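Just the heavy atoms: all of them, side chains too, but no hydrogens, waters or symmetry mates, feed the values below. Computed from a predicted structure; not experimentally measured.
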Amino acid sequence: MKHVFLESHNIKNQFNGFGQFNYHLINGLYNAQIEDFKITLNAKNTTPLKDKYGNYFNYKTYKSLSRKPLFRIKKKYDVWHSLNQNIKVEPFFNIPYVLTIHDVNFVDEVSNDMDHKVNLRFKEKLKRSNAITYISEFAKQSTHKYFDVPNIPEYVIYNGNPISKLQTDFKVVTPVTQRPFLFFIGGLTARKNPHTLVQMLEHLPDFDLVLAGSKKDDYTTNVLETAIAKTNTKSQIHILGKISSTEKHYYYKHCEALVFPSLLEGFGLPPIEAMSYGKPVFLSNLTSLPEIGGKHAFYWDNFDSKYMANVLIEGLHKYETNKDFYINAYQNRAKSFNWNTAALHYADVYRSLF
């Protein structure tokens, strides 16, 4: 039997995009009940995985030392899948290799010097690849823009929608506002651009803004809180930090709209999650977001605060005057992104290299 190795140690942190990708892909591969090859998962704590999936998978305990060339994993798997472009764990031998690229934002955020160690490491991953998968067309296009991609099979496989069931029981949630509110979820970072929502809110006195996501970045104090102070919107804004899954569902279900002015997105899950609840989504027209949001989302072409407010008001009016149409369109869009389908596509990529 053939054996596929998933370098999946990022599953340990399911509060970020890579962790979510690991978790949902593994779950989709489990649901596929594959019988013609065996999959090995690499994780620091394999106990929860064994408890959930039993002997369907094989398991290898991740050790940070395996990132060092001399201590790389020496078993010759039939296929090695590097689940994101930043992974430092590599196989010792030259074996069939699948690389999943989520984005190449590091060119903008770390260094555009192609000899920088981050870019050099990525070039090495490209060189050793036998197949490349991308999570969006944008991720593919931007990779080709900055790097020489080898002439090997390339696939765009969209992430699935992690919301498979809408929640209705929110007894454990204490809402932060009783007023109509707009919802943002994502890291509170410069890349996500939430301070523009604060500036927009100055023109929307009838709405509150709920911001959910990690506050670790200095952006929160240096940019976001400064914007709040300058616009005098403090009473309208609620910064929650990280929230539970139930809280996330609550705010999706009860918000007036998702607002997501991100500057850099390899994919972008929040628009799909919000559309699962039939909610209007307002997005920047940058990177992958038009590709993911589709034709019925509303888009900002720039971040002038008055302009953003007008787009939102006009969009909400369109939504409210044809609500059944938009709800149906959004929910169908959300259902079109499916992790079980994505996992089957990945399984076919593995088979193509046997």
Side-chain angles (χ1 to χ4, degrees), residues 175-213 215 219-240 248 250-265 268-275 277-323 325-327 329-330 333:
V176 293
T177 179
Q178 298 299 321
R179 281 164 40 90
F181 66 90
L182 308 171
F183 183 48
F184 166 91
I185 185 167
L188 300 179
T189 64
R191 177 199 295 191
K192 300 294 184 180
N193 205 27
H195 73 278
T196 61
L197 301 174
V198 172
Q199 294 164 342
M200 175 187 72
L201 203 66
E202 194 168 31
H203 306 285
L204 300 168
D206 295 330
F207 292 93
D208 278 9
L209 173 64
V210 175
L211 301 169
K215 298 186 288 184
Y219 170 91
T220 303
T221 52
N222 294 342
V223 179
L224 186 59
E225 291 180 359
T226 299
I228 293 170
K230 286 183 177 179
T231 55
N232 196 30
T233 54
K234 186 174 182 179
S235 65
Q236 296 170 259
I237 295 177
H238 312 272
I239 302 177
L240 304 185
K248 178 178 75 170
Y250 172 88
Y251 289 109
Y252 278 137
K253 182 175 175 60
H254 292 91
C255 70
E256 300 300 314
L258 175 80
V259 284
F260 199 69
S262 183
L263 302 175
L264 291 170
E265 289 294 328
L269 282 175
I272 295 171
E273 294 178 327
M275 287 190 287
Y277 280 93
K279 296 296 179 166
V281 294
F282 292 81
L283 316 172
S284 74
N285 68 349
L286 302 174
T287 63
S288 68
L289 289 175
E291 183 181 348
I292 303 307
K295 62 183 179 180
H296 297 302
F298 301 100
Y299 296 97
W300 290 303
D301 295 326
N302 64 70
F303 302 108
D304 174 79
S305 59
K306 182 64 175 175
Y307 160 78
M308 290 179 71
N310 287 338
V311 169
L312 186 122
I313 292 168
E314 291 171 9
L316 287 177
H317 177 72
K318 288 181 181 178
Y319 174 82
E320 290 296 337
T321 55
N322 204 357
K323 197 167 186 175
F325 167 81
Y326 276 103
I327 290 174
Y330 288 145
R333 180 75 179 169

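Closest approach of I239 to K215, counting heavy atoms only: CG2-CD, 3.4 Å. Between E273 and K248, the shortest heavy-atom distance links the atoms OE2-NZ, 3.0 Å. Residue G278 comes nearest to Y330 through the heavy atom pair O-CD1, 3.8 Å, listed as atom of the first residue, atom of the second, then distance. When every heavy atom of F298 is checked against every heavy atom of K318, the shortest pair comes out as CE2-CD, 4.1 Å. The minimum heavy-atom distance between P280 and L316, with the atom names listed, is CG-CD2, 3.9 Å. Nearest heavy atom pair, residue P290 against residue S284, reads CD-O, 4.4 Å.
Summarising the geometry, atom CD1 belonging to I237 is positioned 5.5 Å from atom CG belonging to L209; distances are rounded to the nearest 0.5 Å. Atom-to-atom distance recorded for N302:CG and M308:CE is 8.5 Å, nearest 0.5 angstrom. L264 CG to S288 OG: the interatomic distance, rounded to the nearest 0.5 Å, is 9.5 Å. Here CE of M200 is found 12.0 Å from NZ of K306. Values are rounded to the nearest 0.5 Å. In this structure, the separation between CG on L240 and CD1 on I185 is 9.0 Å, given to the nearest 0.5 Å. In this structure, OG in S262 is found 4.5 Å from NZ in K192, a value given to the nearest 0.5 Å.
Residues that satisfy the side chain to side chain contact (heavy atoms under 4.5 Å, CB included) test with A190, not counting sequence neighbours, are Y219. With sequence neighbours excluded, the residues that form a side chain to side chain contact (heavy atoms under 4.5 Å, CB included) with E202 are T231, T233. T221 meets the side chain to side chain contact (heavy atoms under 4.5 Å, CB included) test with E225; sequence neighbours excluded. Annotation: ring pair (Phe, Tyr, Trp, His ring centres under 6.0 Å) contacts of F183 (sequence neighbours excluded): Y251, Y252. Qualifying ring pair (Phe, Tyr, Trp, His ring centres under 6.0 Å) partners for H296, counting only residues two or more places apart in sequence or in other chains: F325.
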Inset, instruction - Apply side-chain contact (heavy atoms from CB on, under 4.5 Å) to R179 and Q236, showing your working. - result: CA-CA 9 Å; R179 281 164 40 90; Q236 296 170 259; 4.2 Å; yes
Inset, instruction - Before giving the answer on side-chain contact (heavy atoms from CB on, under 4.5 Å), spell out for F282 and V311 the whole-Å C-alpha distance, their side-chain angles and the decisive distance to 0.1 Å. - result: CA-CA 8 Å; F282 292 81; V311 169; 4.3 Å; yes
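With contacts defined as side-chain heavy-atom distances shorter than 4.5 Å, the pair L197/L182 does not qualify. Between P180 and D206 the shortest side-chain heavy-atom distance does not fall below 4.5 Å. F207 has its side chain out of reach of F181: every pair of non-hydrogen atoms, C-beta onward, lies at least 4.5 Å apart. Using a 4.5 Å heavy-atom cutoff, the side chains of L204 and I313 are in contact.
For the pair R191 (side chain) and E265 (backbone), a donor-acceptor distance under 3.5 Å is absent. Between the K234 side chain and the A229 main chain, no donor and acceptor come within less than 3.5 Å of each other. Judged purely by atom type and a 3.5 angstrom limit, N193 has no side-chain atom pairing as donor or acceptor with the backbone of L263.
For residues 299-319, no residue pair satisfies the ring pair (Phe, Tyr, Trp, His ring centres under 6.0 Å) rule, not counting sequence neighbours.
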